[in-house]
Amino acid sequence: MATYHVIGIMSGTSLDGVDLAYCRFTYKEDNWIYKILNTETLPYSNIWEQRLAGLTEVSAAELIATDRAYGRHLGELVRSFVDRHQLEVDFVSSHGHTVFHQPQRHITFQVGSGAYLAAAAALPTVCDFRTLDIALGGQGAPLVPIGDRLLFAEYDFCLNLGGISNISQEGPDHRVAFDISCCNMLLNPLAEQLGQPYDKDGLLARSGRFHQDLFDQLNEPAYFTAPFPKSIGKEWADEHSLRTIQESNASVQDKLHTACHHIGYQIAQSVRQHANQKSGKLLLTGGGAFNTFLVEQIRHYLGPDFEVVVPEPELVNFKEALIFAFLGVLRWRQEPNCLRSVTGAHHDNCGGAIYWN
């Protein structure tokens, strides 16, 4: 039996803050057992939010400087987290914050230098989980499916509603997973236009009306019918979904309402297109799981044969941080943590760089 105590760090595309999850993983009798012990979400300051949001437009020197500074910032957050809760930690496992993701050009870049994080936290750090997979011809995404397979096998589907919606399921021969559509990165900017950081409980969307033309335009991109492996980056979102929303003359409430229909519809299409069964149990996590109007649309488009399970809030909020902690454990053990069946790489691989402080 082996046990690891790890802090997983996740920052999503919606820039709603840094998730920290202190987790215990135990490997016993060929099974992994996990427990989330402590969690915190630390909102970004206005300065950090603006700095991260504008990184696609800065110089190379500024990008490198931000990578170092953000790594130090994450390390300081970890150090404070450890001190507040008096934690015993084996190592930190950090996803970083994605700035560029263009796997077709062999580009993926997450700021949050592991070296600076390790130095500031005074803890070993695992980071840079995507680069090896892209070097092996893969998409470098999604990374969560190996965690879904080993930690959440009781569910037929694992669906995450973060900045981007993505799904993971066990196929007849291998794990299948891919990004479905924009989600909170589409909804949150609309809520901000109405003075809210996000659409709490989906009340703004519920107050709007459905626009068939906008719905059709959102569903138009070829990405939605393309075969997997496939993944969505900010660049694709800006060019397609976000541009479509921006160019629409509908009210903000109507845009939110129609966007929720679009997200629910694409989720149902993805489940039906790739599922090898006509029913199943679906685990729903990520910030979008708290949007009750959005969840209603997912259930509506899936139909009654699919059970949509929204678990306790801690797992909804911290599943990705939990799984990145777990990916670090697999890297620590030099075991595969990235599946070729979902990324398209030449073979399964063990991605991640380790920095010893």
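- Taking all atoms of both residues into account, the shortest heavy-atom contact from A237 to C182 is CB-SG, 3.5 Å.
- Taking a cutoff of 4.0 Å between a charged side-chain nitrogen and a carboxylate oxygen, K281 and E154 do not qualify as a salt bridge.
- The residues K319 and D19 are annotated as not salt-bridged, no charged nitrogen and carboxylate oxygen being separated by less than 4.0 angstrom.
- Atom CG of residue L322 and atom CE of residue M10 lie 12.5 Å apart, to the nearest 0.5 angstrom.
- When the salt bridge (Lys or Arg N to Asp or Glu O under 4.0 Å) test is applied to E62, the partners found at least two apart in sequence or on another chain are R51.
- Pairs passing the salt bridge (charged side-chain N to carboxylate O under 4.0 Å, His left out) check and including a residue from residues 330-349, sequence neighbours excluded, read R333-E335.
- Closest approach of P43 to T41, counting heavy atoms only: CD-O, 3.5 Å.
- Pairs passing the salt bridge (charged side-chain N to carboxylate O under 4.0 Å, His left out) check and including a residue from residues 70-97, sequence neighbours excluded, read E40-R84.
- In terms of modelled atom types and a separation under 3.5 Å, the side chain of S11 and the main chain of G96 share no donor-acceptor contact.
- Judged by distance alone, the side chain of N184 and the main-chain N or O of L187 form no donor-acceptor pair under 3.5 Å.
- Put simply, the side chain of R175 never gets that close to the backbone of I146: no donor and acceptor are under 3.5 Å apart.
- Other residues, nucleotides and ligands contribute at most 12 non-hydrogen atoms within 6.0 Å of the CD atom of Q334.
- Annotation: ring-ring contact (aromatic ring centres under 6.0 Å, His included) contacts of F152 (sequence neighbours excluded): Y34.
- Within the structure, every pair that satisfies the side chain to side chain donor-acceptor pair (under 3.5 Å) test and touches residues 108-119, not counting sequence neighbours, is listed here: T98-Q110, H101-T108, T108-Q110.
- Y198 OH: 12 or fewer foreign heavy atoms inside a 6.0 Å radius.
- At least one donor-acceptor pair under 3.5 Å links the side chain of N219 to the backbone N or O of F215.
- Y155 meets the ring-ring contact (aromatic ring centres under 6.0 Å, His included) test with no other residue; sequence neighbours excluded.
- Aromatic ring centres of F109 and F100 lie farther apart than the 6.0 Å criterion allows.
- The neighbour count for Q212 CD, taken as heavy atoms of other residues, nucleotides or ligands under 6.0 Å away, is above 12.
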